[in-house]
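Only a predicted model underlies this, so the values are computations on that prediction, with no experimental measurement involved. Counting convention: from 1, in listed order, for ligands and their atoms alike.
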Amino acid sequence: MSGFENVKGIYFDLDDTLLGYWVASKKALSQTFEVASPASVSPAQMLGYWSEAFAKYQTEIKTPEWYPGYLKSGMQTRNEQMRRALALAGIVDEDRVTLLGDTYGRLRNENLVLFEDALDVLNLLQQKYHLGLITNGPADVQRQEIAQVGIEPFFDPILIEGEMGIGKPHATVFDRAENAWNLRPHEVLMVGNSFHHDIVPAMKRGWLGVWIRRETDVPPGKTSVESIPENAVTPTATVSSLTELVGLLS
Ligand SMILES: [Mg+2]
(Lines give C-alpha, C1' and ligand atoms only; values in the text may rest on other atoms or scores of the structure.)
Protein backbone atom coordinates (compact mmCIF):
# COMPACT_ATOMS: atom_id res chain seq x y z
CA MET A 1 0.00 0.00 0.00
CA SER A 2 1.38 3.38 -0.95
CA GLY A 3 -0.71 5.32 1.55
CA PHE A 4 -2.05 7.65 -1.14
CA GLU A 5 -5.51 6.07 -0.74
CA ASN A 6 -5.76 7.69 2.74
CA VAL A 7 -5.06 11.23 1.53
CA LYS A 8 -7.83 13.76 2.13
CA GLY A 9 -5.91 17.01 1.88
CA ILE A 10 -3.01 18.19 -0.25
CA TYR A 11 -0.72 21.11 0.49
CA PHE A 12 1.23 22.56 -2.41
CA ASP A 13 4.35 24.66 -2.34
CA LEU A 14 4.20 27.55 -4.85
CA ASP A 15 7.58 28.49 -6.35
CA ASP A 16 8.89 25.86 -8.76
CA THR A 17 6.10 23.53 -7.73
CA LEU A 18 3.12 25.23 -9.38
CA LEU A 19 4.90 28.01 -11.26
CA GLY A 20 8.35 28.45 -12.73
CA TYR A 21 10.08 30.85 -10.35
CA TRP A 22 13.70 30.36 -11.38
CA VAL A 23 12.90 30.47 -15.08
CA ALA A 24 11.08 33.78 -14.54
CA SER A 25 13.85 35.11 -12.31
CA LYS A 26 16.65 34.30 -14.75
CA LYS A 27 14.72 35.72 -17.70
CA ALA A 28 14.01 38.90 -15.74
CA LEU A 29 17.65 39.26 -14.64
CA SER A 30 18.89 39.00 -18.24
CA GLN A 31 16.31 41.54 -19.42
CA THR A 32 17.06 43.87 -16.52
CA PHE A 33 20.82 43.88 -17.06
CA GLU A 34 20.29 44.28 -20.82
CA VAL A 35 18.36 47.53 -20.34
CA ALA A 36 19.70 48.94 -17.07
CA SER A 37 23.32 47.88 -16.47
CA PRO A 38 25.79 50.72 -15.92
CA ALA A 39 27.66 51.59 -19.15
CA SER A 40 30.95 50.25 -17.78
CA VAL A 41 29.64 46.76 -16.97
CA SER A 42 28.30 44.27 -19.53
CA PRO A 43 24.98 42.49 -18.87
CA ALA A 44 26.84 39.16 -18.63
CA GLN A 45 29.23 40.59 -16.03
CA MET A 46 26.32 41.98 -14.01
CA LEU A 47 24.63 38.58 -14.04
CA GLY A 48 27.86 37.02 -12.77
CA TYR A 49 28.14 39.59 -9.98
CA TRP A 50 24.48 39.17 -9.08
CA SER A 51 24.87 35.39 -8.83
CA GLU A 52 27.97 35.77 -6.67
CA ALA A 53 26.16 38.21 -4.38
CA PHE A 54 23.09 35.96 -4.28
CA ALA A 55 25.08 32.91 -3.08
CA LYS A 56 26.32 34.88 -0.08
CA TYR A 57 23.22 36.95 0.68
CA GLN A 58 20.99 33.84 0.77
CA THR A 59 22.82 32.76 3.92
CA GLU A 60 22.14 36.12 5.62
CA ILE A 61 18.45 36.70 4.91
CA LYS A 62 17.23 34.80 7.98
CA THR A 63 19.44 36.84 10.33
CA PRO A 64 17.87 39.53 12.57
CA GLU A 65 19.39 42.27 10.42
CA TRP A 66 17.37 41.29 7.34
CA TYR A 67 14.54 38.91 8.27
CA PRO A 68 11.90 41.36 9.62
CA GLY A 69 12.13 43.50 6.47
CA TYR A 70 12.23 40.44 4.23
CA LEU A 71 8.97 39.12 5.67
CA LYS A 72 7.10 42.30 4.75
CA SER A 73 8.43 43.13 1.33
CA GLY A 74 10.66 41.78 -1.40
CA MET A 75 12.02 45.23 -2.22
CA GLN A 76 14.72 45.22 0.45
CA THR A 77 16.17 41.91 -0.79
CA ARG A 78 15.94 42.83 -4.47
CA ASN A 79 17.72 46.12 -3.87
CA GLU A 80 20.38 44.71 -1.54
CA GLN A 81 21.29 42.07 -4.11
CA MET A 82 21.61 44.76 -6.78
CA ARG A 83 23.65 46.94 -4.37
CA ARG A 84 26.04 44.06 -3.73
CA ALA A 85 26.29 43.15 -7.43
CA LEU A 86 27.18 46.76 -8.23
CA ALA A 87 29.69 46.82 -5.37
CA LEU A 88 31.43 43.78 -6.87
CA ALA A 89 31.73 45.85 -10.06
CA GLY A 90 33.22 48.68 -7.98
CA ILE A 91 30.15 50.89 -8.28
CA VAL A 92 28.27 52.72 -5.52
CA ASP A 93 25.10 54.29 -6.97
CA GLU A 94 21.80 54.26 -5.07
CA ASP A 95 19.77 55.50 -8.05
CA ARG A 96 21.08 52.58 -10.09
CA VAL A 97 20.24 50.19 -7.23
CA THR A 98 16.62 51.36 -7.27
CA LEU A 99 16.39 51.26 -11.06
CA LEU A 100 17.77 47.70 -11.23
CA GLY A 101 15.73 46.44 -8.27
CA ASP A 102 12.45 47.89 -9.53
CA THR A 103 13.01 46.71 -13.09
CA TYR A 104 13.87 43.20 -11.96
CA GLY A 105 10.86 42.99 -9.62
CA ARG A 106 8.47 44.08 -12.35
CA LEU A 107 9.92 41.83 -15.05
CA ARG A 108 10.09 38.78 -12.81
CA ASN A 109 6.42 39.12 -12.02
CA GLU A 110 5.56 39.57 -15.71
CA ASN A 111 7.50 36.41 -16.60
CA LEU A 112 5.82 34.18 -14.00
CA VAL A 113 3.68 31.45 -15.49
CA LEU A 114 2.06 28.32 -14.12
CA PHE A 115 3.46 25.02 -15.32
CA GLU A 116 1.35 23.98 -18.28
CA ASP A 117 -0.48 21.17 -16.49
CA ALA A 118 -1.10 23.09 -13.23
CA LEU A 119 -4.63 24.39 -13.88
CA ASP A 120 -5.92 21.05 -15.14
CA VAL A 121 -4.41 19.24 -12.17
CA LEU A 122 -5.80 21.72 -9.62
CA ASN A 123 -9.24 21.62 -11.22
CA LEU A 124 -9.23 17.85 -11.03
CA LEU A 125 -7.87 17.53 -7.49
CA GLN A 126 -10.18 20.14 -5.98
CA GLN A 127 -13.13 17.85 -6.71
CA LYS A 128 -11.80 15.25 -4.29
CA TYR A 129 -9.38 16.86 -1.85
CA HIS A 130 -8.89 19.84 0.44
CA LEU A 131 -6.23 21.95 -1.26
CA GLY A 132 -3.93 24.36 0.54
CA LEU A 133 -0.82 26.39 -0.17
CA ILE A 134 2.27 26.72 2.04
CA THR A 135 4.78 29.13 0.60
CA ASN A 136 7.91 30.85 1.86
CA GLY A 137 8.85 34.39 0.95
CA PRO A 138 7.89 38.02 1.54
CA ALA A 139 4.17 38.71 1.99
CA ASP A 140 3.91 41.16 -0.91
CA VAL A 141 5.83 39.01 -3.39
CA GLN A 142 3.89 35.85 -2.58
CA ARG A 143 0.49 37.58 -2.77
CA GLN A 144 1.52 39.16 -6.07
CA GLU A 145 2.58 35.81 -7.51
CA ILE A 146 -0.69 34.15 -6.48
CA ALA A 147 -2.70 37.00 -8.01
CA GLN A 148 -0.59 37.07 -11.18
CA VAL A 149 -1.38 33.43 -12.01
CA GLY A 150 -4.96 33.50 -10.65
CA ILE A 151 -4.91 30.43 -8.38
CA GLU A 152 -6.19 31.90 -5.11
CA PRO A 153 -9.69 30.30 -5.37
CA PHE A 154 -8.24 26.78 -5.30
CA PHE A 155 -6.69 27.05 -1.84
CA ASP A 156 -7.86 27.31 1.74
CA PRO A 157 -5.77 27.97 3.70
CA ILE A 158 -3.01 29.95 2.04
CA LEU A 159 -0.09 30.04 4.47
CA ILE A 160 2.62 32.56 3.64
CA GLU A 161 5.89 32.94 5.56
CA GLY A 162 5.77 36.72 5.29
CA GLU A 163 2.29 36.85 6.84
CA MET A 164 2.90 34.26 9.56
CA GLY A 165 6.33 35.53 10.58
CA ILE A 166 7.66 31.99 10.31
CA GLY A 167 8.24 29.69 7.37
CA LYS A 168 8.96 26.15 6.28
CA PRO A 169 10.62 23.96 7.49
CA HIS A 170 9.46 25.01 11.02
CA ALA A 171 7.11 22.51 12.64
CA THR A 172 4.78 25.35 13.73
CA VAL A 173 3.85 25.94 10.10
CA PHE A 174 2.98 22.29 9.53
CA ASP A 175 1.01 22.21 12.81
CA ARG A 176 -1.04 25.10 11.66
CA ALA A 177 -1.59 23.54 8.25
CA GLU A 178 -2.71 20.20 9.68
CA ASN A 179 -5.03 21.81 12.25
CA ALA A 180 -6.71 23.93 9.56
CA TRP A 181 -8.31 20.78 8.16
CA ASN A 182 -8.62 18.77 11.34
CA LEU A 183 -7.07 15.78 9.56
CA ARG A 184 -4.71 13.14 10.85
CA PRO A 185 -1.09 13.22 9.63
CA HIS A 186 -1.41 10.21 7.33
CA GLU A 187 -4.32 11.93 5.56
CA VAL A 188 -2.22 14.91 4.48
CA LEU A 189 0.14 15.10 1.51
CA MET A 190 2.77 17.76 0.86
CA VAL A 191 3.85 18.40 -2.71
CA GLY A 192 6.95 20.52 -3.18
CA ASN A 193 10.24 21.02 -5.00
CA SER A 194 12.41 21.73 -1.94
CA PHE A 195 13.70 18.64 -0.20
CA HIS A 196 14.60 20.58 2.96
CA HIS A 197 11.66 22.96 3.18
CA ASP A 198 8.81 20.81 1.89
CA ILE A 199 9.62 17.11 2.04
CA VAL A 200 11.70 16.61 5.20
CA PRO A 201 9.35 18.44 7.61
CA ALA A 202 6.27 16.82 6.07
CA MET A 203 7.68 13.29 6.30
CA LYS A 204 8.92 13.90 9.86
CA ARG A 205 5.40 14.81 10.81
CA GLY A 206 3.92 11.66 9.37
CA TRP A 207 2.45 13.25 6.24
CA LEU A 208 3.04 11.84 2.82
CA GLY A 209 5.51 13.76 0.69
CA VAL A 210 5.81 13.98 -3.07
CA TRP A 211 9.04 15.61 -4.19
CA ILE A 212 8.74 17.34 -7.53
CA ARG A 213 11.99 17.66 -9.43
CA ARG A 214 12.21 19.56 -12.67
CA GLU A 215 15.22 20.28 -14.84
CA THR A 216 14.26 23.97 -14.87
CA ASP A 217 14.54 24.23 -11.07
CA VAL A 218 18.03 25.74 -11.02
CA PRO A 219 18.88 29.10 -9.37
CA PRO A 220 21.12 31.65 -11.14
CA GLY A 221 24.78 30.71 -10.80
CA LYS A 222 24.02 27.00 -10.27
CA THR A 223 24.17 24.37 -12.98
CA SER A 224 22.18 21.48 -11.53
CA VAL A 225 19.04 20.69 -9.55
CA GLU A 226 19.07 19.99 -5.80
CA SER A 227 20.34 16.50 -5.01
CA ILE A 228 19.10 14.20 -2.28
CA PRO A 229 21.39 14.23 0.77
CA GLU A 230 22.72 11.02 2.24
CA ASN A 231 20.88 9.52 5.22
CA ALA A 232 17.88 11.71 4.49
CA VAL A 233 14.22 10.80 4.78
CA THR A 234 12.74 9.07 1.76
CA PRO A 235 9.90 10.87 0.00
CA THR A 236 6.74 8.82 -0.53
CA ALA A 237 7.33 9.42 -4.23
CA THR A 238 9.39 11.57 -6.55
CA VAL A 239 7.86 12.97 -9.74
CA SER A 240 8.84 15.32 -12.53
CA SER A 241 5.43 16.87 -13.23
CA LEU A 242 2.08 17.59 -11.62
CA THR A 243 0.40 15.25 -14.07
CA GLU A 244 2.52 12.43 -12.67
CA LEU A 245 1.18 13.31 -9.22
CA VAL A 246 -2.39 12.72 -10.43
CA GLY A 247 -1.31 9.28 -11.62
CA LEU A 248 -0.14 8.41 -8.12
CA LEU A 249 -3.41 9.50 -6.51
CA SER A 250 -5.77 7.70 -8.85
MG1 LIG B 1 9.44 25.93 -3.96
Between Trp50 and Tyr57, does the ring centre distance come in under 6.0 Å?
no
Report yes if the distance between the aromatic ring centroids of Trp207 and Phe4 is under 6.0 Å, otherwise no.
no
Between Tyr21 and the Mg ion (ligand 1), is there a contact where an N/O/S atom of the residue lies under 2.8 Å from the metal?
no
Quick test of your reading of the model: are Glu178 and Arg205 salt-bridged, counting only N-O distances below 4.0 Å?
yes
State whether Glu110 and Lys27 are salt-bridged, where the test is any N-O pair (Lys NZ or Arg NE/NH1/NH2 against Asp/Glu carboxylate O) under 4.0 Å.
no
Of all N/O/S atoms in Asp13, the name of the one nearest the Mg ion (ligand 1):
OD2
Identify, by name, the N, O or S atom of Asp15 lying closest to the Mg ion (ligand 1).
O
